[in-house]
Protein chains: 2
Amino acid sequence: MEPSHKPAAPPTGSTSPSGNGERKSDPSVPGAAPAGTAVPRGATRAQVEQAIRSSLLTGRFIPGKAVTLRGLAAELGVSPMPVREVIQRLAAEHALVVKSNGRVQVPEMTGARFDEILKARLLLEPEVAAMALPNLTKADADRLLRIDLDIDRCLGSGDAVGYMTLNHQFHFHMYRASGSQILLPLVESLWLQFGPYMRMVYGRVGTANLVDWHKQALRAIDTRDATALRQAIASDISDGMGMLGRDGLPNP
Amino acid sequence: MEPSHKPAAPPTGSTSPSGNGERKSDPSVPGAAPAGTAVPRGATRAQVEQAIRSSLLTGRFIPGKAVTLRGLAAELGVSPMPVREVIQRLAAEHALVVKSNGRVQVPEMTGARFDEILKARLLLEPEVAAMALPNLTKADADRLLRIDLDIDRCLGSGDAVGYMTLNHQFHFHMYRASGSQILLPLVESLWLQFGPYMRMVYGRVGTANLVDWHKQALRAIDTRDATALRQAIASDISDGMGMLGRDGLPNP
DNA sequence: GGCCTTTCTTTGTGATCACAACTTGAGAGC
DNA sequence: GCTCTCAAGTTGTGATCACAAAGAAAGGCC
């Protein structure tokens, strides 16, 4: 809704970018980028993908909302073309669903989906964390500690978006150290799938998380205890998803 | 290479489909479908996706091979458009890789990737099988048995492609009964990733698989023994990947 | 002969167009 | 007043075009 991404919308009220006089001046953003700034190949698509991904991860797209090609394209100030490809990509990762008639929408959470995502996270993420453990340096531990302190601050002030963003950073800064090429993408796909549902967490931040499992994880990293790290991550996932809550979801 | 899919290539030697006189007669297949047969929406893309997916799963694409948009499009007799979207989709599932310059190629197998795929399969597939167990009917068990008998026949006659196709059918007919919406797609992504590497199995069919774990799995299904089923699937995966072989792969 | 430069070709990318299917809304008929 | 019908608008899909960047190949220079 909020067109915060639109870089330089045409001043005329024409939503459709067709009909403007200039043609093919700059293939990236029609209206910005004053024709001369070197734009790397495929830059537009990368920007579009990043914008949509972060919108999904922080819950800015509400589940069930219809996503239209031209709508998103206009919102981002680009042609429908790069949006098409990004949508295909995200649909393949099940971050978006294409219905039988081709319409695209943000997937709605169901009880069964919720349970399965929880199960999949519990299977994969402790393993990825354990893979990362030998590669985690002192600098990584420091970075993780700083992120966790910021998380505490967000929990204290009730900043839900900040909490979600930082929680994502905490987990993936650790996971990335695993050097995993297979398991890590699978985990990323899972986070994208419950991301939109995160919206439910608004206002609920600070009520749960009696035990700070991140601190336990940091201790396990310090002592190089893979079993303890696995346990801490598993507990963190269970508690975090518990905070989201499965109750009230349709069962199918 | 063999243009078996091309329905009605222009008689002229022009590889590029531009320049043909007829325009916009039928949006599906240019030259076929005599303008009146109802073609469901998005039919072309579905066909293209199916074609490429099965090529990947049965190892018809050799790892490292460059995949070009226009090349594939010409081979399938369609415009580059649907191929673009399918490629994006498959790249998102890591069945294809997009290099930094935008070029697309079939991913090459490395030792690390191989180990990780094996680990991921061992984590996920026994679980999916266990989820499927309560839903497996007598009819499913019969179907699985028939597939396995066909597998035995292929192993006897050294039919590698038949073996790979049927092995895929065996596993996924079972897995599909789980009704899983999250774990099953993850598993499918894994199969797509080691599919091209399956090519290595040509000629090696029949040398391994001393224990028939499929038969063990069928027995576990009969006795509704989840633990035994998990074990059978895990062993089947280990043996199957062992037949593919990790030796000789570059380590990174 | 080997290496560098230049040209031509190939290839991905973004934009736009045309079309069919779907959705939505208004209006006529009962 | 309700429902059915039909028209207008919306939306996804396939095709084609134009362009820039990256490769490949050919030619010239040392």
Side-chain angles (χ1 to χ4, degrees), chain A residues 10 14-33 35-49 66-74 76-89 91 96-105, chain B residues 10 14-33 35-49 66-74 76-89 91 96-105:
Chain A
S14 75
T15 319
S16 87
S18 71
N20 53 347
E22 64 183 9
R23 279 179 46 84
K24 305 268 154 79
S25 63
D26 180 27
S28 68
V29 182
T37 54
V39 185
R41 206 181 165 120
T44 310
R45 188 170 66 204
Q47 288 166 10
V48 169
E49 177 151 6
V67 173
T68 67
L69 240 58
R70 291 170 171 87
L72 262 181
L76 296 167
V78 297
S79 96
M81 204 58 225
V83 180
R84 268 168 82 164
E85 303 205 334
V86 170
I87 294 230
Q88 290 299 321
R89 247 197 137 84
L96 295 172
V97 287
V98 268
K99 304 186 72 179
S100 60
N101 53 5
R103 281 336 209 309
V104 180
Q105 68 175 39
Chain B
S14 72
T15 317
S16 86
S18 70
N20 52 347
E22 64 183 9
R23 279 177 47 83
K24 305 266 153 76
S25 63
D26 180 28
S28 67
V29 183
T37 56
V39 185
R41 206 181 164 122
T44 310
R45 187 169 68 204
Q47 288 167 10
V48 169
E49 178 152 6
V67 172
T68 67
L69 241 57
R70 290 170 171 85
L72 262 182
L76 295 167
V78 297
S79 96
M81 204 59 226
V83 180
R84 268 168 83 164
E85 304 205 334
V86 170
I87 293 234
Q88 290 300 320
R89 218 164 219 284
L96 296 172
V97 287
V98 266
K99 305 187 71 178
S100 60
N101 53 5
R103 280 338 208 302
V104 180
Q105 68 175 40

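Naming convention: chains lettered A, B, ... in sequence-line order (proteins, then strands); numbering from 1 in each chain.
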S.K.: Can you find an N or O donor on one side and an acceptor on the other, under 3.5 Å apart, linking the side chain of B:Arg45 with the base of D:dG12?
M.R.: no
S.K.: Please walk me through it: do A:Arg89 and B:Arg89 pass side-chain contact (heavy atoms from CB on, under 4.5 Å)?
M.R.: CA-CA 5 Å; A:Arg89 247 197 137 84; B:Arg89 218 164 219 284; over 6 Å; no
S.K.: Hey, is the side chain of B:Ser79 poking within less than 4.0 Å of OP1 or OP2 on D:dG14, counting only N and O atoms?
M.R.: no
S.K.: Check the phosphate of C:dT23 against A:Asn101, side-chain N and O only, distance under 4.0 Å to OP1 or OP2. Yes or no?
M.R.: yes
S.K.: Rounded to the nearest 0.5 Å, what's the gap from CD on B:Glu49 to CD1 on B:Ile87? Could you check?
M.R.: 11.0 Å
S.K.: Does the side chain of A:Leu96 come within less than 4.5 Å of A:Gln105's, by heavy atoms?
M.R.: no
S.K.: Atom CE of B:Met81 and atom OG1 of B:Thr44: how far apart are they, to the nearest 0.5 Å?
M.R.: 12.0 Å
S.K.: Any non-hydrogen side-chain atom of A:Lys99 less than 4.5 Å from a side-chain atom of A:Val104?
M.R.: no
S.K.: Can you measure from CG (A:Leu72) to CZ (A:Arg84) and round to the nearest 0.5 angstrom?
M.R.: 14.0 Å
S.K.: Looking at the base of C:dG14, is there any donor atom on it, or on the side chain of A:Arg84, that sits under 3.5 Å from an acceptor on the other one?
M.R.: no
S.K.: Polar atom pairs between nucleotides 9-11 of chain D and protein, under 3.5 Å, N or O only, would you list them?
M.R.:
{"from": "D:dT11", "atom 1": "O2", "to": "B:Arg41", "atom 2": "NH2", "distance (Å)": "3.4"}

S.K.: Rounded to whole angstroms, how far apart are CD on B:Gln88 and C1' on D:dT13?
M.R.: 16 Å
S.K.: Given that B:Gly102 and A:Met81 both sit by DNA chain C, which one's nearest nucleotide is further toward the 5' end?
M.R.: B:Gly102
S.K.: Tell me the interatomic distance from B:Arg89, atom CZ, to D:dT13, atom P, rounded to whole angstroms.
M.R.: 10 Å
